[in-house]
K.L.:
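This is the structure, below, for whatever I ask next.
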Amino acid sequence: MPSLVLERVSKRFGGITAVSDVSFEVPEAGITGLIGPNGAGKTTVVNLITGMYKLTSGEIRLGGRNVGSAQPHEVARLGISRTFQNIRLLPEASVLDNVIIGFHRHEKASIAAGMFGFNASLSEIREFRERARALLDRFHMARFAEHPAGYLAYGHQRRVEMMRAVAMNPAILLLDEPVAGMNDVEAGELGDVFQELASSGMGLLLIEHNIRFVTKLCQNVHVLDTGRTIAAGPPSVVMHDPVVVTAYLGTA
Ligand SMILES: Nc1ncnc2c1ncn2[C@@H]1O[C@H](COP(=O)(O)OP(=O)(O)O)[C@@H](O)[C@H]1O
Ligand SMILES: [Mg+2]
């Protein structure tokens with residue numbers, strides 16, 4: 001699968017430079033961490049990768065192909081999917097249907113339009129349902145298949161959102177604080193799922209505040225502070241870097 005490369009990426013909003021000259025790679029078959037205090041620019045990086053924001057300067061490439069000026073639906077079609085920091089589901093639709101929406105990656109209009117404008121044959125729909133059920137098994141969510149997504153506990157809603165992103169079978173999966181608000185057991189289960197996805201060849205970018213979680217899962221970590229890279233490398237090294245320690249303590 002192709003890897004994702006950011007080269008000297010910057011984003012300004014008026015007078016604020018939210019992301020400044022950031023370069024890193026999300027290789028296939030691995031988990032890369034993106035960490036930093038609140039306001040560091042992490043979500044902005046995700047919004048740049050997915051085409052939601054236009055780059056001020058720099059390049060973003062997926063497997064050598066320049067995706068830096070692609071529209072969000074093109075980026076998704078090329079194999080990059082994401083989760084959001086705030087959950088976005090169809091609350092009244094079942095868990096299974098919420099996941100099936102994820103298969104419809106060519107749709108650029110609203111999620112609901114994607115669902116009801118579905119132009120699929122019966123055999124395609126059957127295949128989608130089978131694939132969705134396999135994903136539910138993988139995320140230990142099979143027992144909730146027919147439940148309305150909006151009434152699930154928070155941790156389970158997050159899983160639905162992740163399944164929807166994984167349903168597209170992306171080359172690159174961007175996870176924006178996927179285990180925030182979960183307990184250690186729930187986070188640990190999801191960590192196992194992330195490792196399985198990486199083993200199957202996917203490249204994951206993990207934005208996360210839980211340092212233990214990041215250290216356990218990530219081969220490399222990229223640290224941002226006020227939009228700039230302050231450290232990068234294996235977690236065992238980066239987490240002991242005085243610059244990183246100061247950045248975290250300074251905002252604690
Ligand atoms: N759409 C926007 N318009 C103006 N400023 C923004 C916008 N999005 C993000 N920012 C600013 O960019 C900076 C980085 O924000 P963000 O990427 O959300 O940080 P993080 O995800 O690391 O907490 C913040 O100062 C934030 O206010
Ligand atoms: Mg954020």
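Start at 1 and go down the list; that is how both ligands and their atoms are numbered.
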K.L.:
Name the residues in contact with ligand 1, where contact means a heavy atom under 4.0 Å away: which are they?
P.N.:
F13, A18, P37, N38, G39, A40, G41, K42, T43, T44, Y53

K.L.:
Could you give me the CA-CA distance, side-chain angles and deciding distance for R159 and E189, then say whether salt bridge (charged side-chain N to carboxylate O under 4.0 Å, His left out) is met?
P.N.:
CA-CA 11 Å; R159 285 177 201 226; E189 281 178 10; 2.8 Å; yes

K.L.:
Answer yes or no: are there more than 12 heavy-atom neighbours, outside Y154 itself, under 6.0 Å from its atom OH?
P.N.:
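Buried by this count: over 12 neighbours within 6.0 Å.
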
K.L.:
Short check: any N/O/S atom of T43 below 2.8 Å from the Mg ion (ligand 2)?
P.N.:
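Short answer: yes, at least one N, O or S atom is under the cut-off.
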
K.L.:
With rounding to the nearest 0.5 Å, note down the distance linking NZ in K54 to CD in Q71.
P.N.:
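K54 atom NZ to Q71 atom CD measures 9.0 Å (nearest 0.5 Å).
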
K.L.:
Walk me through whether R133 and E130 qualify under salt bridge (charged side-chain N to carboxylate O under 4.0 Å, His left out).
P.N.:
CA-CA 5 Å; R133 286 198 182 272; E130 274 167 27; over 6 Å; no

K.L.:
Which word best sums up how the rings of F213 and F194 line up, parallel for under 30°, tilted for 30 to 60°, or perpendicular for over 60°?
P.N.:
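Perpendicular, since the angle between the ring planes exceeds 60°.
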
K.L.:
List the atom pairs, donor and acceptor, that lie under 3.5 Å between side-chain atoms in residues 228-242 and the rest of the protein, sequence neighbours left out.
P.N.:
from, atom 1, to, atom 2, distance (Å)
R228, NH2, T226, OG1, 3.4
T229, OG1, H222, NE2, 2.8
H240, ND1, S236, O, 2.8
D241, OD1, V243, N, 2.9

